[in-house]
Structure formats: C-alpha cells, structure tokens
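This report refers to the structure that appears directly beneath it.
Residue numbers begin at 1 in each chain, while the letters A, B, ... track the order of the sequences. Please read all numbers here as calculations on a predicted model, not as lab measurements.
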2 protein chains.
Amino acid sequence: MPTTRKPRDVLHLNEQLCFSLYSTMHLLNRTYRPLLEKLGLTYPQYLAMLVLWEEDGVTVKALGERLLLDSGTLTPLLKRLESAGLVRRERDAADERLVRITLTPAGRALRARAECVPPAILAASGCTVEALQDLKEQVLTIRDQLSAHLEHEPSPPPAPKRRKAP
Amino acid sequence: MPTTRKPRDVLHLNEQLCFSLYSTMHLLNRTYRPLLEKLGLTYPQYLAMLVLWEEDGVTVKALGERLLLDSGTLTPLLKRLESAGLVRRERDAADERLVRITLTPAGRALRARAECVPPAILAASGCTVEALQDLKEQVLTIRDQLSAHLEHEPSPPPAPKRRKAP
DNA sequence: CCCAATTCTATTGCGCGCAATGGAATAGGG
DNA sequence: CCCTATTCCATTGCGCGCAATAGAATTGGG
C-alpha cells in the first residue's frame, strides 16, 4: 500500500503546497518592512544593497543575474536608490552599454545600521540558525530544479544562431 | 564547541536565508505563468478561484483572511475575474456591508481545466509528493511563528476599546 | 431611540515583477 | 572595413501587495 491515501482533491492539496511558500514570503516581507523602514529601504532595495556591499561597482546585468531580476525592475529601483543618495549610476567608459552601480559614502555607511536586521529576522522566525540553514538547502534544491525546468521548456526559444534565413 | 563556526558576515549569510525563499517564489511563479495563461488567470487569481471552488459565495473579507490579502488587493482582482465572466460580486441583502463572490457557470467549468496544473507543477519541482508535503510543514511552522510575532509586535496597536477620552 | 464606535468595502498612491518594445553601443562574419 | 547580430539598458503597460484614507452600513452603550 504505497501512495494509496485518500485521492485528495488535487486543487485542495495544492493550495497548501505552493500557497505555503507564497504566504510565508508575504509574512516575511511584513516582518522586514518595519526594520527596513528605519533604513529607508524596501526589501528588494535591501537585497540590491546586500550585493553592493559584497561587490561594489557591479553592472546592472550582474546585479540582475544575482537577484534574478531584469532591467525593467532594476532600472527604476536603482534610480530610487540614487535619488536617496546611496548609489551612483554611471556608464562604463570602456563599454558604453554597461551601467556600473557604485556605493556613495552614505551607501557604505548604511551597512553598519543594517547589521541588526538579520538577527531580528532570525528571532522573529523562532528557529535556530541550523534549522533555517537546513530549510534553505531544501528550498534551493527546488529552486534549482525549477530553474532547470524553465530553461528546457520555454515553448519557442529563439533557437537560431546568427544569420537569418530570408 | 557549539555555534563557534566562522562568524560569517551576517549580511552575507542572510542573503542566502530569506533570499532563497524570495527567489524560489519568483521561479515558481514563472513556472505557473504559462500554465495559468491558458486558463486566463494570474497566480493570485488562481488562488482566489481555488478558494471559491472549495466554498462558493464567500465574502471579500473571508477570502482575504484565507489568502492573507486585503481589499486593496482583492477588489480590483475580483473585478477582473468578474469582467472575465468567472464570478459575480453582489452585496449581501441582509448586511449591505458585505460583498459576496459567487461563481458563474464559466467559473465552475474552469475547475476541470485547472486540474492539470498541480501535477505539472509537481513534475517541474522534481520532488516527490512526500518531500513537498514535508517541506510544507516546515515552512508553515515558520509562517505561524512570523504570524504570531507580527501580532504581538506592532508598535502602536490602537489599544483603546470604545469611548475615547477627550 | 440616538449617537458614536466598529465593520466592511472601495479608492488612491507607490513600489515592485515581468513581458514587450526600442535604441545605442559593441562584436564578428564577410 | 562594412554591415548585421547581439548585448545591454531604458521605457511602457499591466497586475499585484500594501498603507492610508474615505464612506456606507451596522452595532452597542447610554
């Protein structure tokens, strides 16, 4: 008797599967909000700052690959960080297509004030670091699987290389 | 020697903790998108339909409690479902404050076409039902913890009951 | 019964997330 | 060296998510 439980309504069970991730993300976001508000950041802006604190001067493209976001999301977000005085956006002199994002002194200084955020989130989660680390591994396994699936599936991947056939 | 690993940069480690949930949610959403597109639904609309397929005639408030969303999100979403011909929005006769959402025949019929979605997502995740079920439990544990934390924390909870002191 | 407090939905404004489009700069085959 | 792909960023439009506000209906203390 392997998987012969009740043939539970698929559309009912499913609500519990992916919806748990969905709703947890929202609650996590609401937990971050009041903390990040003090820094004048939204959660996606905070993520961008994390990358910049690791590696200053990245291009928009590199930032997008790291965060899995495209320019349609990043361009306005970075403009807001710029007008908040945290970063500068400048074209690369060698390759004018690239826009490099560099931290201002205020942007670097914000790092110290951000250090109290992760411990606060950890406390709110009510978990040990080990438990969260373990959960992270499991979630990343699914993430990588979804990522691979998305790469192999897309209906019409432009396919051809160079030269078009007219 | 308990937690005496490298005192890894908190702002680096953290990026991996919550960011894994954040990015997995987005990839999951991108996996759902092409499937739901065939049904003419977005993911949040799909969630709303899941609730309605379970319990027709719910109020906007009940829907919001189930999905953890407020009227600012639900009102326009439900209006779009209505103009797509899937639901009707009507004031409750007994209590005119309430708006009840009921399925149209087209809304009920869509359920059959939605049944192929969960299996497709399961396949894309590359996991067994058991593994996902287990992961769900862990995520929900954190969700409940965050939920409790959010209820007890909010800086100024309006506090007073009835009667104001002028 | 009356009036103030509460409940419930709608509206507005802002910030993502993403698809689609456009345009400037670079790279690479001929 | 051209001329065409390609790369990279910006822009537009739409749909959430959420805070804040407003307004109509209901409730409950006096």
What's the [atom1]-[atom2] distance between [X] and [N], to the nearest Å?
{"X": "B:Lys61", "N": "D:dT26", "atom1": "NZ", "atom2": "C1'", "answer": "14 Å"}
{"X": "B:Lys79", "N": "D:dC16", "atom1": "NZ", "atom2": "P", "answer": "14 Å"}
{"X": "B:Asp70", "N": "C:dT11", "atom1": "CG", "atom2": "P", "answer": "14 Å"}
{"X": "A:Tyr43", "N": "D:dC16", "atom1": "OH", "atom2": "P", "answer": "22 Å"}
{"X": "A:Arg91", "N": "D:dT7", "atom1": "CZ", "atom2": "C1'", "answer": "12 Å"}
{"X": "A:Asp95", "N": "C:dG28", "atom1": "CG", "atom2": "P", "answer": "12 Å"}
{"X": "B:Leu36", "N": "C:dC18", "atom1": "CG", "atom2": "C1'", "answer": "15 Å"}
{"X": "B:Glu90", "N": "C:dA10", "atom1": "CD", "atom2": "P", "answer": "13 Å"}

Let me check the geometry of the helix from C:dC1-D:dG30 to C:dG30-D:dC1. What is the bend angle between the axes at its two ends, five pairs each, to 10°?
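Axis-to-axis angle, ends of the helix: 10°.
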When you measure from the side chain of [X] to the backbone of [Y], do you find a donor-acceptor pair of N or O atoms at a distance under 3.5 Å?
{"X": "B:Arg88", "Y": "B:Thr102", "result": "no"}
{"X": "B:Thr59", "Y": "B:Val99", "result": "no"}
{"X": "A:Thr104", "Y": "A:Gly107", "result": "yes"}

Of B:Thr73 and A:Arg80, the one whose closest DNA chain C nucleotide lies more 5':
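Nearer the 5' end of the strand: B:Thr73.
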Just compare [options] and give me whichever is closest to any side-chain atom of [X].
{"X": "A:Leu98", "options": "C:dA10, D:dC9, D:dA19", "value": "D:dC9"}
{"X": "B:Leu69", "options": "D:dC9, D:dC18, C:dG15", "value": "D:dC18"}
{"X": "A:Val99", "options": "D:dC16, C:dC18, D:dA10", "value": "D:dA10"}

At under 4.0 Å between heavy atoms, what does [X] touch on the DNA or RNA strands: base, sugar-phosphate, or nothing?
{"X": "A:Ala62", "answer": "nothing"}
{"X": "A:Leu74", "answer": "nothing"}
{"X": "B:Ala48", "answer": "nothing"}
{"X": "A:Arg89", "answer": "sugar-phosphate"}
{"X": "A:Leu78", "answer": "nothing"}
{"X": "B:Leu63", "answer": "nothing"}

B:Tyr22 vs A:Tyr43 aromatic rings, parallel, tilted or perpendicular, using cut-offs 30° and 60°?
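B:Tyr22 vs A:Tyr43 ring planes: perpendicular.
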Residues in salt bridge (charged side-chain N to carboxylate O under 4.0 Å, His left out) contact with A:Arg30, at least two apart in sequence or another chain:
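With neighbours one apart ignored, the set is empty.
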May I ask you to evaluate whether A:Thr75 reaches the phosphate of D:dA10, defined as a side-chain N or O under 4.0 Å from OP1 or OP2?
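So the side-chain polar atoms of A:Thr75 do come within 4.0 Å of the phosphate oxygens OP1 or OP2 of D:dA10, strictly under.
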